[in-house]
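Just so we're clear, the structure is a prediction, and the values are computed from it rather than from any experiment.
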Amino acid sequence: MTSYYNPRWGFCLPHRQRMALREGEYTIDIRTSHYDGEVNFATCDLPGESDEVVLISSYLCHPSMANNELSGPLGLLRLYERLKALPRRRFTYRFLLCPETLGSIAYLSKFGDQLGPKLRGGLVLTCLGGYRDTLSFKMSRRDWLDNPSSIDRLARRFSELYPERFQIRPFTPTSGSDERQFCSPGFNYPVIQAARTIYGQFVEYHTSADDKRLMRIEQVERAADTLAEFMQVFDFDGLKLQNRHPYGEPQLGRRGLYPTINSPMNRGSSADGRTDSRQTLNRLLMCLSLADGQRGLVEISDRIGCGPDQLLPILTELLQQDMIALKSEGERHP
């Protein structure tokens, strides 16, 4: 129970302890004080090639709760590690930890006007543990008003490609986490929320049963790893892929991108589940053919018939080999 901004008194205790109290009158001695304090929040930036910002936030405010409290900051830390390890980052990733609601309002009060012009998208992390297998995206206010941002569209695309792994929920200002503040009308930022076992939808919510056994650290890690791939795809938002060697099929062998032996062993999935080398090669060749400066990562993956996250290893290799360039919207063909 919480008493919002009114001088009531009270305390909470476990139900079994309450039932064990003997009948009679009790004297209550509560010693507290009111004083002017401050709201603390912490930020950390991972610099990218541009100063455009992707905001990734979570909150610290619910004591003694695992899924509802620890899973968000732990997932944020894992996501930071994954994005830091990337060979390249286009966007600058800003990580924010603060008390829920009041903390994000305090942050926006101080930095909201600076953040807005540079903000490309955002993600609020909450309730990433638990027993559910799907990740759920709560869309932004822009999507609610039929003007979805690019991160809304990508979330919807992932839910269409992988319905067993991703779901979407509509934006609402009546419940949720700090996306409500980032999406409030005065800001209306393109910030969505990611959760697994969602607040208010599990019986352990806001009880002492929300413990480490419910949260399960491996579920938090899996969620963060999945979100890292989602953010890697988003890092290519608004960019077109341009083949730097478009005149004939490039020599892939000397770049280590072509199998050195062509045999039936290369043409089918192996029994031990290893990546089908012929499928990888086919996707690489199709990616090079479709990279004509007119299409982005998502459009190319749709044409090939796979998820954009499945093209990330291929695209990373092509970029490292200087076989593909990235061009922004409106940039002329060289």
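Classified by interplanar angle (parallel below 30°, tilted 30° to 60°, perpendicular above 60°), the ring pair Y205/Y199 is tilted. Ring geometry, F230 versus F158: the interplanar angle exceeds 60°, so the pair is classed perpendicular (tilted spans 30 to 60°). Aromatic ring pairs are classed by plane angle as parallel below 30°, tilted from 30° to 60° and perpendicular above 60°; the pair Y189 and F187 is tilted. Using a 30° and 60° split on the angle between ring planes, F137 and F166 fall in the parallel class, below 30°. Classified by interplanar angle (parallel below 30°, tilted 30° to 60°, perpendicular above 60°), the ring pair F95/Y80 is perpendicular. Taking the six-membered ring where the residue is Trp, F91 and Y93 present perpendicular rings, their angle passing 60° and hence far from 30°.
Under the 4.5 Å side-chain criterion, counting only non-hydrogen atoms from C-beta, T197 is not in contact with C127. Using a 4.5 Å heavy-atom cutoff, the side chains of S140 and I151 are not in contact. With contacts defined as side-chain heavy-atom distances shorter than 4.5 Å, the pair R31/D29 qualifies. Here the side chains of D178 and E100 are in contact, with some heavy-atom distance below 4.5 Å. Within the 4.5 Å cutoff, side-chain heavy atoms of M139 are placed close to those of R156. You'll find the side chain of E317 stays beyond 4.5 Å of the side chain of M323, heavy atoms only.
No donor-acceptor pair under 3.5 Å is formed between the side chain of R94 and the backbone N or O of T43.
Comment: E81 does not engage K84 in a salt bridge, judged by the lack of any side-chain N to carboxylate O separation of less than 4.0 angstrom. Between R89 and D235, no side-chain nitrogen of the basic residue sits less than 4.0 Å from a carboxylate oxygen of the acidic one, so the salt-bridge criterion is not met. At a threshold of 4.0 Å, the pair E299-K240 counts as salt-bridged, since one of the basic side-chain nitrogens sits closer than that to a carboxylate oxygen.
Taking both residues in full, the closest heavy atoms of L227 and L123 are given as CD2-CD2, 4.2 Å, listed atom of the first, atom of the second, then distance.
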message: Test salt bridge (charged side-chain N to carboxylate O under 4.0 Å, His left out) on R120 and D237; report intermediate values, then the result.
response: CA-CA 9 Å; R120 193 62 177 259; D237 178 59; 3.2 Å; yes
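Annotation: cation-pi pair R295/F236 absent, no NZ/CZ under 6.0 Å from the ring centroid and within 45° of its normal.
With values rounded to the nearest 0.5 angstrom, L86 atom CG is found 4.5 Å from Q232 atom CD.
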